[in-house]
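Below is one structure, written out as structure tokens, with a few remarks after it.
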Amino acid sequence: RKEVEQDPGPFNVPEGATVAFNCTYSNSASQSFFWYRQDCRKEPKLLMSVYSSGNEDGRFTAQLNRASQYISLLIRDSKLSDSATYLCVVNESGGSYIPTFGRGTSLIVHP
Amino acid sequence: GAVVSQHPSWVICKSGTSVKIECRSLDFQATTMFWYRQFPKQSLMLMATSNEGSKATYEQGVEKDKFLINHASLTLSTLTVTSAHPEDSSFYICSARPTARGFGGYTFGSGTRLTVV
């Protein structure tokens, strides 16, 4: 199984800042992509899917660059409650849909 | 929709005993469920893929005789940690993706924190 890589951080930003994370994947045949959020000692929860055309959900924007094999997550106007670990998930092709997780990027938003 | 129930949420057991963790999809059918383990400050590590009606597929380095997986129905998968040892203490999480969903995301159970003393 190929790898999914993320910068573990932590990214330490003030409230109101804009922060971006990237995630690279090595399997060019990967079919679908997601960003999950995981709070400390909790299970991951789906933040958003990543579509080829890019998609936005409020302060969050996700983009996919197939040519360079990476996905990104942009968070605008950071809130204290955005502090969490953000996991990149890539679905490999072949019908088995086995998700591969990045190790996560830790975000700390401070006052 | 797409709720996965996992229990127990936490368990403390003595070395040498076995612990069973259940993972249920409440409002959808899941042909496949995944079992993960997460150590503190580490990423989720896939342990095995649980397939309804057939044997689980284990990741390299995961002992199938120690981590028994049973996926007897389209809504239930169980993970049994046999002869648990302190090094098995970890956060175990299951996940599933609705069979009928195309490229939809995965839903996770709330996790089970296992402490072996």
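Below, read A as the first sequence line, B as the second, and so on, with proteins coming before strands; counting in each chain starts at 1.
With values rounded to the nearest 0.5 angstrom, T85(A) atom OG1 is found 10.0 Å from L44(B) atom CG. Put simply, CD on Q6(B) and CD on E43(A) are 8.5 Å apart, with the number rounded to the nearest 0.5 Å.
The hydrophobic cluster containing M48(A) does not contain Y70(A), counting ILVMFWY residues as joined when their side-chain heavy atoms lie under 4.5 angstrom apart, directly or transitively. Both L107(A) and V4(A) sit in one connected hydrophobic cluster of ILVMFWY residues. Membership requires side-chain heavy atoms under 4.5 Å apart, directly or through other members. By the rule that hydrophobic residues join a cluster once side-chain heavy atoms approach within less than 4.5 Å of another member, L74(A) and V109(A) end up as members of separate clusters. By the criterion of side-chain heavy atoms lying less than 4.5 angstrom apart, applied directly or through intervening Ile, Leu, Val, Met, Phe, Trp or Tyr residues, V19(B) is grouped together with M47(B) in one hydrophobic cluster.
Most heavy-atom pairs under 4.5 Å with chain B, from the set C40(A), G104(A), P44(A), P8(A): that is P44(A).
Contact annotation for Q38(B): only side-chain heavy atoms (C-beta onward) come within less than 4.5 Å of a heavy atom of chain A. When heavy atoms are compared at a cutoff of 4.5 Å, Q6(A) does not approach chain B at all. Residue contact with chain B, scored on non-hydrogen atoms closer than 4.5 Å, is absent for F33(A).
Taking all atoms of both residues into account, the shortest heavy-atom contact from Q38(A) to F91(B) is NE2-CE2, 4.5 Å.
For NZ of K45(A), the number of neighbouring non-hydrogen atoms (other residues, nucleotides, ligands) closer than 6.0 Å is 12 at most. In F39(B), the CZ atom is crowded: over 12 heavy atoms of neighbouring residues, nucleotides or ligands sit closer than 6.0 Å. More than 12 heavy-atom neighbours from other residues, nucleotides or ligands sit within 6.0 angstrom of CZ on R37(B).
Inter-residue side-chain proximity for T107(B) and L46(A) is flagged as unmet; no heavy-atom pair is nearer than 4.5 Å.
Between F108(B) and F101(A), the distance from one ring center to the other falls under 6.0 angstrom.
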